Amino acid sequence: MSVWVVCEHRNGALREVTYELLAHGAALCMGAVTAVILAGPGEGEALAALINGKAERTLLVEDPSMSAFNGTAQALALASLAEGAQEPPKAILGAHSAAGMDWAPTLAGKLSCPAVTDAVALSMEGDSLTATRVVYGGKLQSKIKLGGAKMVIATIRPGSLEDEPKAASVETSIEATSVSLPSELGKRFIAWVEEAAGDVDISQADILVSVGRGIQDKENIDVAEALAEALGATVSCSRPVVDMNWLPKERQVGISGKTVKPKVYIALGISGAFQHATAMKDSAMIIAVNKDPKAPIFQIAHYGIVGDLFKVAPALTAAVRAAKG
Amino acid sequence: MPKLSDIEGVTLAERFELAACLQCGRCTGGCPMSIRSPLNSRKFLYESLIREDGEALLEREEVWDCTSCRTCSSRCPRELDPAMVMRAVRTVKIEGGRIPKTLMDAMESSLKHGNPWGRSRMKRTAWAEGITVNSIEEDAESERLWFVGCTPAYDPRAMGMAKALARIFEVAGVDYTTLGSEEVCCGSEMLRAGEEGLFEELSEVNKENFAELEFAEVVATSPHCMNTFIADYGLDIPVTHYTQLLAALAAEGKLPFGGESEEVKVAFHDPCYLGKQNSIYDAPRNVLKAVPGVELVEFARSRERSLCCEGGGGRMWIEGMGEGERNAQIRVRDAIEMGVDVIATACPFCLLTLEDAVKTTGSEGKIRIFDIAEIVVNSIDGSERSE
Amino acid sequence: MKIAVFVKHVPDVAEADLEVAADGRTLKGAGLPFEMNEWDRFALEEAVLIKDEVGGDLTAFLIGDEAAEESLRRCLAVGADRAVRLWDEALSGANPFEIAAAMRGAVGDDNYDLILCGAQSSDYGYGMGGPLLAEALGINSVALVNKMKVEGSKVLVTRELEGGWGEEVEVNLPAVISIQTGINEPRYVSILGIKKARKKPIDVLDGAGVDLSSEGGKLVVESLQAPPLGEGAEFLEGSPEEVAERCLALLKEAGGVL
């Protein structure tokens, strides 16, 4: 019983989530993981080298149509590989990422096999894969069995693996193969689009470092900016900060500003007054720092730190920088 | 985008008889927003008269700055209604779908959840937990309905008003009941923001409840609820503001104020919807004067000249185009200059905007904002009320 | 251009205490306010904008019971020319494959140049409907689009990637485009507008013509339950450095963050 992991890569590097997938996969099938690399001509070797030791086998396909991500090409290629394989995989795993949202359901349609997306946990019971998903805004958890089909597909929410991936010691064999893709895919990659500088839409940020009156002065906002930079986050704020012209209006989270639902909301010196709280309470994870243990923000935060933000924020910035290396 | 003349098939000028306008500018002169916003009532009337189709008015985003305080209409020497012209323009913009996003959220929330704050209906009575509050949901019957209101029910600061009133009613033995989680938004702000259809939906629910439960009178926490019940609901029962009830109780000696008290200098900020629009100026003052230790002083701009806090007309959900200091900040600074310890309010929007202004002017510790009910209950229970 | 948009009617679960139905597998929807799925609002707005720009007609589709018609009315209120609802008891508690089969059944023999749908729905969030429908129709799909422009028989889209990046892709029509939030600013729909829309007809289809036999549909929901989470803020104690380390662990847990 083998598991294939569809590797995600960009600009010659494997995306972080690929390592998580390999670990998930290995756990499901006791190590018999095949890492599948779909890349443009000449790109595969370097990527395969990065896989080395983390999978039993690397299946490498290079094709001009896959120099940049192309969901159609990827789904066709995977379908061809899976159906033509000597030992078809029991499960094809991918990331529930921008790419995964594109190719995985399409592949499921082509293979006509059971599939789930955005699983936070996977387990094998007999010959059935069971996936755990978080639904209804995170309020409920759903367990789904992917019927005893020969092949199933599952994409995994990045970051949901609890344990660190184990360092494998196996020498990964590389099998290069090719697929036959139609010359006209009906879909063509044109260009990358870089994040626009200067035009801030805080409602699109994954992480927000948000400041309130507790920041006390305009100059002190660099404490938040340093943390934001370390995290790759965006700085936002509550209304009083805008009123005092310490930050522009576009940064305001609140009833008369923007409503945000980032993955992480770090509230620094924000009391959590209702007009603010109501506009960020649906954030997936709220970490609040405030001197006042009774600050209302702690009623809606997931994690609270009663303390001085001028000590906690720099400490967190240092920790993040150290972790990122 | 629909046209202005789509309202009832006539132009704005025809509908509101604007040909009588003198262009004297008294409307704009009294408008609390004209200090800091491009909003110009006189211009609105001018443009609806002289432009061929008047449609350019629809592009004036400053129409959302209006607080619906109605100072303009009250000052017009020809008894025209510029406030309604503002609302009419808003109504057309609503039909066109392009309105401030924050207002959109408040409106959709009102429809979905029965309150503009995005809060669940199920949490409407959370404020009443652990205290004595009569509710039809607990079979408390009465001919007098206390309409709590969305903001006192849901906002953590404004909740102080609701809790204080519940306590006063308990202590003074007032006969009343509330609708509990059956209460839905009065619709006042939605109507003033131009959403007539939404107002109709909301008011139908309330009107049905009032009729079914056979109330003989309604007393409201918020002047906004009170005002819309009086002006827009067409009820045939009396509607009063809680300060009127408290004033009567005080006069009858039914409010057991504490004996000892420290001297406190209080200025009362007249809410537009209580004062200007319903001429209720003395009841709140009479309540304050009855509280031991309160020294009541007057703002220069008081009573019908009270400086609108910018909370009405849907403004609690609209940022507005205004530049510079908000009116509430001016109010706070003025009060501090007057040596006032407390600004007393009688409206949840005034309470919130003034509290905000205390923070944004960096005036914490220099002045406090309290609702009249909170001041009364402080004196009765003798405990220090804090946020 | 023949345009279609698929919308879904979902419960608003903010602040609600959710209850699982007696079967242990589905949500008790009673008492919850329902609304159009947020992603579909953006898809609907985009469909109307495209119709206004390139001309054509717009059909709004919804898979749901009669109570779900509110969301179709919204589509009619903003400018859809036709509204179609498909429902069958067999679709109660359906999984994404079954829903996609229903979507395919609803389309029937119509040929749309462009089909829009939200990238995912707020209830289950599979994000599979659009791509599965495309496969069933034998046309292309592209997911998570936050910008699009129709250019004759092609459409130029930007797919939203992590970290604020984007991927510009050209797709031949016909295609199914799944729409990410933020692509536009959905207009407000007034109550008056909804009321006027109530006078317009909605075509109602039943399950005949819906083929639920796909292998992919062999998903079995075993359980729906509350996740193991604590209530209110968990306070982190210790020195700033200790607290920082704990935060770091939490951030990694949040997923896709570090």
Side-chain angles (χ1 to χ4, degrees), chain A residues 69 71-72 98 101-102 105-106 108-110 112-115 117-118 134-137 139-147 149 157-160 186-195 204 206-207 232 263-264 282 284-285 287 298-299 301-306 311-312 315-316 319-320 323, chain C residues 13-14 18 27 122-128 131-132 135-136 140-144 158-172 182 214-216 218-227 232-236 240-241 243-245 247-248 250-258:
Chain A
F69 175 71
T72 303
M101 287 182 78
D102 203 50
T106 300
K110 288 189 195 303
S112 196
C113 67
T117 55
D118 199 23
V134 174
V135 297
Y136 289 107
K139 292 193 164 187
L140 293 175
Q141 211 175 56
S142 170
K143 278 203 161 60
I144 300 135
K145 193 161 85 161
L146 284 76
R157 177 177 289 194
S160 56
K187 188 188 284 181
R188 196 167 60 96
F189 170 84
I190 304 291
W192 297 114
V193 177
E194 240 186 276
E195 182 180 8
Q204 300 299 312
D206 277 342
I207 321 173
K263 285 198 176 121
V264 180
D282 292 334
M285 180 186 290
I287 304 177
F298 293 127
Q299 286 166 33
H302 300 96
Y303 301 99
I305 299 158
V306 179
K311 298 211 171 72
V312 174
L316 182 54
V320 171
Chain C
V13 297
L18 297 185
L27 177 74
S122 60
D123 49 4
Y124 289 95
Y126 280 101
M128 297 177 78
L132 285 177
E135 281 305 301
N140 235 326
S141 74
V142 61
L144 218 56
T158 302
R159 276 182 14 90
E160 185 180 274
L161 303 179
E162 293 82 0
W165 282 70
E167 197 178 85
E168 231 174 53
V169 178
E170 187 186 74
V171 186
N172 294 353
S214 84
E215 283 295 310
K218 293 196 158 61
L219 296 175
V220 176
V221 174
E222 296 202 311
S223 70
L224 189 64
Q225 63 207 56
E234 185 190 319
F235 285 94
L236 310 178
E241 287 71 31
V243 154
E245 283 305 310
C247 281
L248 196 59
L250 291 171
L251 290 171
K252 286 185 178 165
E253 207 179 287
V257 164
L258 282 177

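Remember, it's a predicted structure, so these values are computed and weren't measured experimentally. The sequence lines fix the lettering, A, B, ..., with proteins before strands; numbering per chain opens at 1.
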### Choice from A:K311, A:H302, A:M101 maximising heavy atom contacts with chain C below 4.5 Å
A:H302
#### Entry: Interface residue of largest heavy-atom contact number with chain A, from C:K218, C:E245, C:E168, C:E241, under 4.5 Å
C:E168
### Task
Against chain C, label A:A149 side chain, backbone, both or neither, depending on which of its atoms sit under 4.5 Å from a heavy atom there.
neither
### Query
Looking at A:A319, A:A315, A:P114, which makes the most heavy-atom pairs under 4.5 Å with chain C?
A:P114
### Message
The test is side chain to side chain contact (heavy atoms under 4.5 Å, CB included); show your working for C:N140 and A:T72 and say whether it passes.
### Response
CA-CA 8 Å; C:N140 235 326; A:T72 303; 2.8 Å; yes
### Task
Give, as side chain, backbone, both or neither, the part of A:A115 having an atom under 4.5 angstrom from any heavy atom of chain C.
both
### Task
For A:K110, enumerate each residue passing the side chain to side chain donor-acceptor pair (under 3.5 Å) test, keeping only those at least two apart in sequence or located in another chain.
C:E135
### Query
Which answer fits C:V243, side chain, backbone, both or neither, if we ask what part of it has an atom under 4.5 Å from a heavy atom of chain A?
side chain
#### Entry: Engaged part of C:L236 at the chain A interface, taking heavy atoms whose separation is under 4.5 Å
both
### Query
Who wins among A:G232, A:A284, A:A191, A:G109 for the most heavy-atom pairs under 4.5 Å with chain C?
A:A191
### Task
Any chance you could lay out the side chain to side chain contact (heavy atoms under 4.5 Å, CB included) test for A:L316 and A:I287, step after step, and finish with the verdict?
CA-CA 12 Å; A:L316 182 54; A:I287 304 177; 6.0 Å; no
### Task
Only counting residues at least two apart or in another chain, list the ones meeting side-chain contact (heavy atoms from CB on, under 4.5 Å) with A:D102.
A:F69, A:K187, C:V142, C:A143, C:R159
### Task
Look only at the side chain of A:T117 and the backbone of C:Y126, and say whether a donor-acceptor pair between them is shorter than 3.5 Å.
yes
### Query
Among C:A244, C:G216, C:P240, which has the most heavy-atom pairs under 4.5 Å with chain A?
C:G216
### Query
Can you find a pair of side-chain heavy atoms, one from C:L18 and one from C:L27, that are under 4.5 Å apart?
yes
### Message
Under a 4.5 Å cutoff for heavy-atom pairs, which residue among C:G127, C:A136, C:C247 has the most contacts with chain A?
### Response
C:C247
### Query
Quick one: of C:V171, C:L219, C:V221, who has the most non-hydrogen atom pairs under 4.5 Å with chain A?
C:L219
### Query
Is it the backbone or the side chain of C:T158 that comes under 4.5 Å from a heavy atom of chain A, or both, or neither?
side chain
### Query
Between A:Y303 and C:F235, is the gap from one ring center to the other below 6.0 Å?
no
### Query
Can you check whether C:D123 reaches A:V135 side chain to side chain, under 4.5 Å on heavy atoms?
no
